[in-house]
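Taking it in order: structure first as structure tokens, then the write-up.
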Amino acid sequence: MVVIVSAVLTVAQCRILDPQIAAWLLDPADNASCFQDLVTKHYGRPAEPPAQPLGPRKPLPQSSLVSSSLCLLYQLMTQGLWELFSSMELSMIPVLAAMESHRIHVDKEALKRTSEMLGVKLKQLEQEAHKAAGQQFLVSSSTQLRLVLFEKLRLQERCENRKLPKTMLKQQQSTSEAALLQLQDLHPLPKIILEYRQVHKMKSTFVDGILSCVKKTYISSTWNQTSAVSGRLSAKQPNFQALPRQPVQISKKQYVQGKDAELVTVHPRDMFIPREGWTFLAADFCQVELRLLAHLTSDPELLRLFLDPGPDVFTMLASQWKGVPEQQLEPEDREHAKRIVYSMVYGAGRERLSGILGVSAEQASQFVDSFLQRYKEVQSFIQRTVQLCQKQGYVVSIMGRRRSLPHIRSADWAVRNQAERQAVNFVVQGSAADLCKMAMIRIFSLVSSSSSLTARLLAQIHDELLFEVEDSQVEHFAALVKTTMESLQHIDSLGVHLKVPLKVAVSSGRAWGSMSELHLPPASPPPSP
DNA sequence: CTTATGTGA
DNA sequence: GCGATCACATAAG
Ligand SMILES: [Mg+2]
């Protein structure tokens with residue numbers, strides 16, 4: 001008891017000891033819906049017995065509040081989570097509070113115009129879909145689409161050589177993108193549906209959905225610290241972390257004869273703009289999870305990719321795989337290579353991978369084999385991680401974040417394999433989350449204690465921080481952010497010493513969708529006189 | 001492959 | 001009419 005009290009006093013000072021965060025660190029998978037559930041759950045001692053069946057709530061005595069809170073704090077200490085709790089997660093609270101208080105301005109009129117334009121386009125696509133199907137149907141209904149494609153047109157019978165995906169839970173014929181791509185040479189309808197889906201998503205979520213979150217001329221997301229099991233943050237209303245990276249081209253029908261169809265570019269990120277006199281500044285950890293994987297595996301080939309000076313890893317791989325020089329690659333090619341790499345290292349099966357690669361399942365498994373053959377230590381890291389998780393029931397990130405995975409000992413093959421992939425993914429994704437949070441805390445602290453810096457943190461997109469900076473301070477602040485983030489390769493106090501350097505790219509612009517990279521001199525920022 | 005949130009049926 | 005569930009989209013790695 002004395003130990004707990006002194007630890008609490010050392011850390012608390014005037015800060016809050018948030019029990020919800022404490023409970024989430026102990027078991028990130030468990031989402032206590034409210035404070036009372038939390039108290040009831042941790043009243044007895046460990047998190048195990050659901051003493052009260054978590055339903056209708058009885059009033060609890062004050063003593064149980066104190067008891068359950070102390071119990072949570074005690075468990076944090078015994079499980080080696082105290083440092084993470086006190087110096088990372090609690091320090092995030094004022095950072096997130098500041099982020100929520102900062103308004104992100106939007107071009108509301110442009111959003112309204114695109115909403116109308118997309119509405120017209122959707123009606124056209126709906127007509128085309130009905131014509132191609134030879135009947136009217138609700139294009140946005142996957143149930144109705146399944147009937148048209150597989151019962152009326154019976155397209156599955158005309159492509160028996162390649163196998164079509166099934167829906168996850170009910171094992172029906174899927175109408176997902178992967179399925180429609182397989183069907184698109186057999187009939188005009190799948191292609192129309194693919195475009196309809198793209199435009200519909202754009203309108204409903206990224207134009208109308210954003211508009212519904214706009215207050216006056218700005219938005220501000222709600223940031224959740226305890227909703228991701230990996231330690232990542234999440235954002236809602238709007239989900240600022242899921243806005244499309246690539247713009248979408250829409251062809252407008254031309255009513256003037258002899259003219260080509262007008263192409264309009266819709267880019268939701270361009271709707272977000274800084275205030276007059278200010279500039280957006282983004283700082284992005286380059287290939288953060290792959291660098292962490294290099295560190296965790298000590299794979300010589302993987303380490304070499306980051307220790308030797310060379311081109312961007314994903315660009316290099318895209319170039320090799322596509323057989324095209326790096327200068328001729330589109331941004332989509334790099335994104336594609338990135339998706340392939342992460343899918344492989346996190347254990348994608350050959351069917352899934354064949355969908356991503358656009359080749360047969362046999363070719364896909366050959367591709368994985370040759371990849372894992374080249375980076376041999378990745379496989380032994382996976383085995384090591386799984387074995388350790390089987391032994392102790394949980395895995396940990398580089399900063400001691402923990403995830404319990406009881407299913408790792410399941411007798412069911414599918415259940416156990418999923419837990420194994422989750423274990424491996426957690427170690428890497430959780431470690432990346434640790435680094436990104438440390439970066440936010442350090443930069444926030446620098447800005448808070450500076451008398452001149454006015455930069456405001458607007459958002460975190462997992463490995464990227466978005467700031468609004470006074471025009472005159474952009475270069476200076478960019479240098480400060482870059483060096484602060486890259487210095488996290490070594491954190492003495494936590495015993496973190498990464499075997500590879502961290503690389504941070506900074507960019508700035510007058511709209512979030514139109515940022516250009518800043519190339520700063522390699523030196524540190526000038527110390528103020 | 002993992003981690004999220006949003007929309008529509 | 002409301003909430004849960006499913007399928008499908010987007011993002012990040
Ligand atoms: Mg990045």
Side-chain angles (χ1 to χ4, degrees), chain A residues 28-29 31 137-146 165-180 193-194 196-210 212-213 221-246 248 268-269 284-293 313-314 335 337-353 355-356 364 368 382 395 403 405 417-433 435-436 459-464:
Chain A
N31 282 312
F137 70 104
L138 193 47
V139 184
S140 53
S141 162
S142 49
T143 314
Q144 291 189 29
L145 179 62
R146 183 150 44 234
K166 295 278 206 292
T167 60
M168 190 59 191
L169 297 161
K170 296 174 121 186
Q171 292 289 302
Q172 290 175 298
Q173 292 284 358
S174 169
T175 67
S176 64
E177 183 182 9
L180 297 180
I193 300 295
L194 284 169
Y196 179 90
R197 290 232 179 112
Q198 184 182 43
V199 176
H200 184 262
K201 179 72 179 176
M202 188 61 80
K203 176 166 159 53
S204 66
T205 306
F206 302 120
V207 178
D208 297 346
I210 292 292
S212 76
C213 300
S221 295
T222 302
W223 295 89
N224 197 337
Q225 193 172 353
T226 60
S227 73
V229 288
S230 60
R232 279 180 170 190
L233 297 178
S234 71
K236 62 184 184 188
Q237 279 180 325
N239 181 358
F240 201 76
Q241 297 175 318
L243 285 134
R245 176 178 272 286
Q246 299 297 338
V248 168
R269 289 193 182 195
D284 184 312
F285 278 116
C286 303
Q287 310 105 14
V288 62
E289 287 188 18
L290 202 58
R291 284 170 191 264
L292 280 166
L293 190 71
V313 191
F314 298 123
E335 289 300 306
K338 177 168 135 183
R339 201 167 153 220
I340 293 166
V341 169
Y342 286 120
S343 306
M344 284 192 293
V345 305
Y346 292 135
R350 43 182 240 161
E351 263 76 31
R352 176 67 73 94
L353 212 54
I356 299 170
V368 183
I382 292 171
V395 280
R403 180 176 182 182
L405 286 160
N417 274 48
Q418 187 184 20
E420 291 176 3
R421 294 189 300 268
Q422 289 170 321
V424 173
N425 180 272
F426 175 87
V427 176
V428 187
Q429 190 180 120
S431 301
L435 282 177
C436 297
Q460 184 237 47
I461 307 95
H462 302 123
D463 66 328
E464 173 184 345

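Worth saying up front: this structure is predicted, and the values here are computed from it rather than measured. Hydrogens, waters and symmetry mates play no part in the numbers below; they use all other heavy atoms, side chains included. Residue numbers start from 1 in every chain, and the chains themselves are labelled A, B, ... in the order their sequence lines are given, proteins ahead of strands.
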In whole angstrom, what separates L145(A)'s CG from dT7(B)'s C1'?
-> 17 Å

Nearest-Å distance, CD1 (I382(A)) to C1' (dC1(B))?
-> 10 Å

Heavy atoms under 4.0 Å, any strand shown: does R350(A) hit a base, just sugar-phosphate, or nothing?
-> nothing

Report yes if at least one side-chain N or O of S140(A) is closer than 4.0 Å to OP1 or OP2 of dA9(B); otherwise report no.
-> yes

Ignoring the backbone of T205(A), work out which of dT7(B), dA4(B), dT3(B) is nearest its side chain.
-> dT7(B)

Look at all strands and tell whether V341(A) reaches a base, only sugar-phosphate, or nothing, counting heavy atoms closer than 4.0 Å.
-> nothing

Would you kindly give the CG-to-C1' distance between L405(A) and dT3(B), to the nearest whole Å?
-> 13 Å

Just how far, in rounded Å, is P of dA9(B) from NZ of K170(A)?
-> 16 Å

Heavy atoms under 4.0 Å, any strand shown: does A235(A) hit a base, just sugar-phosphate, or nothing?
-> sugar-phosphate

Using a 4.0 Å cut-off on protein heavy atoms (strictly under), produce a 5'-to-3' string for nucleotides 8-13 of chain C with B for base contact, S for backbone-only sugar-phosphate contact, and - for none.
-> SBBSBB

Do Q241(A) and Q460(A) have side-chain atoms, one donor and one acceptor, less than 3.5 Å apart?
-> yes

S174(A) side chain to S176(A) backbone, donor-acceptor under 3.5 Å | yes

Between CG of L293(A) and P of dC1(B) the distance, given in whole Å, is 18 Å

From the candidates dT7(B), dT2(B), dT5(B), the one with an atom nearest any side-chain atom of S204(A) is dT7(B)

Is the F314(A) to Y342(A) ring centre distance short of 6.0 Å?
-> yes

Do R197(A) and T175(A) have side-chain N/O donor and acceptor atoms under 3.5 Å apart?
-> yes

Where the side chain of Q422(A) meets the backbone of L405(A), is there a donor-acceptor pair that is under 3.5 Å apart?
-> no

Return the value, rounded to whole Å, for the distance between atom CG of D208(A) and atom C1' of dG6(B).
-> 13 Å

Please indicate whether E335(A) has more than 12 foreign heavy atoms, meaning atoms of other residues, nucleotides or ligands, lying under 6.0 Å from its CD.
-> yes

Does a nitrogen or oxygen in the side chain of T143(A) sit under 4.0 Å from OP1 or OP2 of dA9(B)?
-> no

Base, sugar-phosphate, or nothing: which does A228(A) touch, judged by heavy atoms less than 4.0 Å apart?
-> sugar-phosphate

Taking atom C1' of dC1(B) as reference, at what distance in whole Å does atom CD1 of I340(A) sit?
-> 13 Å

Closest to the S141(A) side chain, choosing from dA9(B), dT2(B), dT7(B) | dA9(B)

Does a donor on one side chain sit under 3.5 Å from an acceptor on the other, for S227(A) and S234(A)?
-> yes

Tell me, yes or no, whether the heavy-atom count around R339(A) atom CZ, taken from other residues, nucleotides or ligands under 6.0 Å, exceeds 12.
-> no

With a 4.0 Å cut-off on heavy atoms, is Q144(A) in touch with a base, just the backbone sugar-phosphate, or nothing at all?
-> nothing

Taking atom P of dT7(B) as reference, at what distance in whole Å does atom OH of Y196(A) sit?
-> 15 Å

